[in-house]
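Because only heavy atoms are used, hydrogens play no part in the values below, and waters and symmetry mates are left out as well, while side chains stay in.
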Amino acid sequence: MSFTTPPRPLDVTALFPQLAPLARTATRLHPHPGSPSVRDSSIGGPLLWPSDEPWPHCDGPHDSRATKVIHSPDDIRLLRRIRTAQAERLRRDPRDAEATPAEREDSERIRAGRPWFDGPIAMLPVAQLYARDVQVPSPPGADLLQVLWCPFDHPAHPHPRTALFWRSSAGVTDVLDAPPEPPVIQLGFYLPEPCLLAPEQVTEYPNAMELSKDVQDQLDDVSRWETAGAAWDGDYADAPQEFYSEKLSHAPGWKTGGWSRWGLTDPQPRPCPACGTETVPLLTIASSEWDDSSESWMPEEERANPTPVPLGTPDGNFTMIDIAGGSDLQLHICPASPDHPHIELVQ
C-alpha cells in the first residue's frame with residue numbers, strides 16, 4: 001500500500017524565506033492494519049530477535065496503585081476482536097445487536113481484571129524499522145532499529161519506558177520463535193496493534209515557539225498571509241499562527257526525523273546525557289494519525305476509502321496506542337553517536 005499526504009496549501013518559504021534553511025525531512029510511517037513478519041518494518045509486529053539473545057525485561061518499579069484493573073495482553077486482544085466484530089455487524093445492519101451473549105460474557109470476565117504481578121516485566125515490541133524502508137541515524141553496520149517498551153508508567157516517567165536496539169539483520173540467522181510476554185499490562189493503550197508501514201517523506205518546519213520573535217511576529221501578520229490569495233484560509237484571521245502550526249509546520253502521526261512537537265510545555269533543551277550534544281528526533285510514537293486540527297494531513301487514500309477501526313477508536317489510530325490522553329511520545333537521540341542514551345519526551 002501507499003499513502004500520500006495532500007500538498008500543503010501553499011509554499012510557506014515563499015512568504016517567509018527565513019524558514020527555508022530550517023526545512024527538515026520527516027518520514028511518515030503511515031501504520032495500517034496488517035500481519036507483519038519478522039522481515040517486515042512494522043509497529044507492534046514480531047521482531048527479528050536472535051534466539052540466543054536474552055529478551056529484555058523491565059525491573060520497575062511498577063506501581064500497583066496506578067490503575068484499579070489490569071489485563072493480560074490476550075485479554076486486550078480478545079476485547080479488540082469483540083469491538084471489531086461489533087463494528088462490522090453494525091456497519092452491515094445498524095439495527096443489529098451490539099454484542100452477542102458470548103461477547104458479553106467475555107467482556108465481563110475481562111473487565112474483572114487480572115491479579116497483580118510482582119517481578120520483572122517482559123518488554124513489548126513497539127517498532128521495527130529496516131534501513132531499506134526507513135532511513136534513521138544508526139551505528140556503523142546496523143540496518144535495523146528495534147524499539148521495545150515496558151507497558152507500565154514509571155516514577156518520574158508517566159509513560160512506558162523505552163529501549164532501543166540496533167543490529168545487522170544479516171547477522172540474525174536463528175530467530176526467537178516465541179518471545180515472552182508480560183503477564184499483565186497497565187493499560188490496553190500500551191499494547192500496540194500489529195501494523196505494516198507505508199513510509200512517505202515530507203518536509204517539516206519548526207514549531208512556531210522554536211522560531212525567533214521576529215519570525216513569530218511575521219506569522220501573526222494577517223496581511224502577509226493574505227498575499228497568498230486563495231491559498232490562505234480566512235478562518236484563521238484571528239489566529240494566523242495556528243494556520244502555520246496546523247497545516248504547514250509538521251506532520252502528525254507516527255514518523256521518524258523531522259521537528260519536535262511542542263505544546264504541553266514550551267521548547268526546552270534536550271542535551272545528550274552522555275556528551276551534552278543537542279539531541280534530534282528519532283521516532284514519534286503517536287496517539288493518532290490525525291485529528292480535527294490536523295485533518296489536512298490525512299492521506300488522500302484514507303480520505304477516499306477510510307479503513308474501518310474498532311468501536312471507540314479514533315479515526316486513523318490503527319496502532320491502538322494512546323500516550324497520556326492523546327499526546328505523542330517522542331524519542332530523541334544524539335547525532336554524535338546513536339549508541340548514547342536516548343531521551344523520551346511527551347508532548
Side-chain angles (χ1 to χ4, degrees), residues 43-47 49 53-84 99 103-127 146-165 176 178-195 254 264-265 273 283-288 310-314 317 319-332 341-347:
I43 303 299
L47 303 183
W49 196 270
E53 183 176 327
W55 189 263
H57 286 67
C58 177
D59 294 325
H62 305 114
D63 186 0
S64 62
R65 299 165 297 178
T67 184
K68 293 181 180 179
V69 180
I70 54 176
H71 303 100
S72 71
D74 282 342
D75 290 339
I76 300 303
R77 294 183 182 110
L78 176 55
L79 189 59
R80 289 176 180 174
R81 289 197 296 271
I82 291 172
R83 291 173 176 169
T84 300
E103 289 170 347
R104 282 194 291 270
E105 181 180 346
D106 284 334
S107 296
E108 290 173 5
R109 176 183 57 79
I110 292 172
R111 279 195 291 269
R114 299 276 180 170
W116 179 253
F117 174 79
D118 284 312
I121 295 291
M123 303 185 86
L124 288 170
V126 175
Q146 296 168 325
V147 182
L148 297 91
W149 71 16
C150 172
F152 282 86
D153 292 344
H154 298 78
H157 298 277
H159 55 77
R161 180 180 294 165
T162 57
L164 308 183
F165 295 86
L176 182 64
E181 283 200 327
V184 290
I185 60 179
Q186 179 176 322
L187 296 170
F189 293 132
Y190 292 168
L191 177 65
E193 184 71 10
C195 287
W254 287 72
L264 294 181
T265 69
L283 174 67
T284 297
I285 299 170
S287 295
S288 66
L311 290 175
T313 304
N317 188 15
T319 65
M320 308 292 183
I321 292 296
D322 187 280
I323 303 293
S327 299
D328 292 346
L329 176 59
Q330 301 173 79
L331 308 184
H332 291 73
H342 68 287
I343 292 176
E344 299 167 340
L345 175 68
V346 173
Q347 289 291 326

Tell me, yes or no, whether the heavy-atom count around Glu105 atom CD, taken from other residues, nucleotides or ligands under 6.0 Å, exceeds 12.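 No, CD of Glu105 has 12 or fewer neighbouring heavy atoms, counting only those of other groups under 6.0 Å.
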Any donor-acceptor pair under 3.5 Å from [X] side chain to [Y] backbone:
X: Asp74; Y: Leu78; answer: no
X: Trp149; Y: Leu124; answer: no
X: Thr319; Y: Pro192; answer: no
X: Arg114; Y: Pro183; answer: no

Rounded to the nearest 0.5 Å, how far apart are [atom1] of [X] and [atom2] of [Y]?
X: Ser287; Y: Trp254; atom1: OG; atom2: CH2; value: 9.0 Å
X: Arg109; Y: Leu79; atom1: CZ; atom2: CG; value: 10.0 Å
X: Tyr190; Y: Ile323; atom1: OH; atom2: CD1; value: 6.0 Å
X: Glu344; Y: Leu329; atom1: CD; atom2: CG; value: 5.5 Å
X: Ile285; Y: Ile43; atom1: CD1; atom2: CD1; value: 7.5 Å
X: Leu331; Y: Thr284; atom1: CG; atom2: OG1; value: 8.0 Å

Any side-chain hydrogen bond (donor to acceptor under 3.5 Å, both in side chains) pairs touching residues 321-330, not counting sequence neighbours?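 The answer is Arg261-Asp328.
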Heavy-atom closest pair, residues [X] and [Y]:
X: Pro73; Y: Leu191; result: O-CD2, 3.6 Å
X: Val184; Y: Pro115; result: CG1-O, 3.8 Å
X: Ala127; Y: Leu283; result: CB-CD2, 4.2 Å
X: Gly44; Y: Pro194; result: O-CG, 3.6 Å
X: Pro182; Y: Ala122; result: CD-O, 3.4 Å
X: Cys58; Y: Arg161; result: SG-NH1, 4.0 Å

Is any side-chain heavy atom of Trp49 closer than 4.5 Å to a side-chain heavy atom of Pro125?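 Trp49 does not reach Pro125 side chain to side chain.
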Heavy-atom distance under 4.5 Å between the side chains of Ile185 and Ser72, does that happen here?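 Contact flag for Ile185/Ser72 side chains = no.
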Atom pairs and distances, side-chain donor-acceptor, residues 61-71, under 3.5 Å, sequence neighbours left out:
residue: Asp63; atom: OD1; partner: Arg65; partner atom: N; Å: 2.9
residue: Asp63; atom: OD1; partner: Arg65; partner atom: NE; Å: 3.2
residue: Thr67; atom: OG1; partner: Val69; partner atom: O; Å: 3.4
residue: His71; atom: NE2; partner: Ile110; partner atom: O; Å: 2.9

Quickly, which of Thr162, Leu47, Leu164 forms a side-chain contact (heavy atoms from CB on, under 4.5 Å) with Leu148? Name it, please.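 Checked Thr162, Leu47, Leu164 against Leu148; only one passes side-chain contact (heavy atoms from CB on, under 4.5 Å): Leu47.
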Under 4.0 Å between a Lys/Arg side-chain N and an Asp/Glu carboxylate O for Glu181 and Arg77?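 So Glu181 pairs with Arg77 through a salt bridge.
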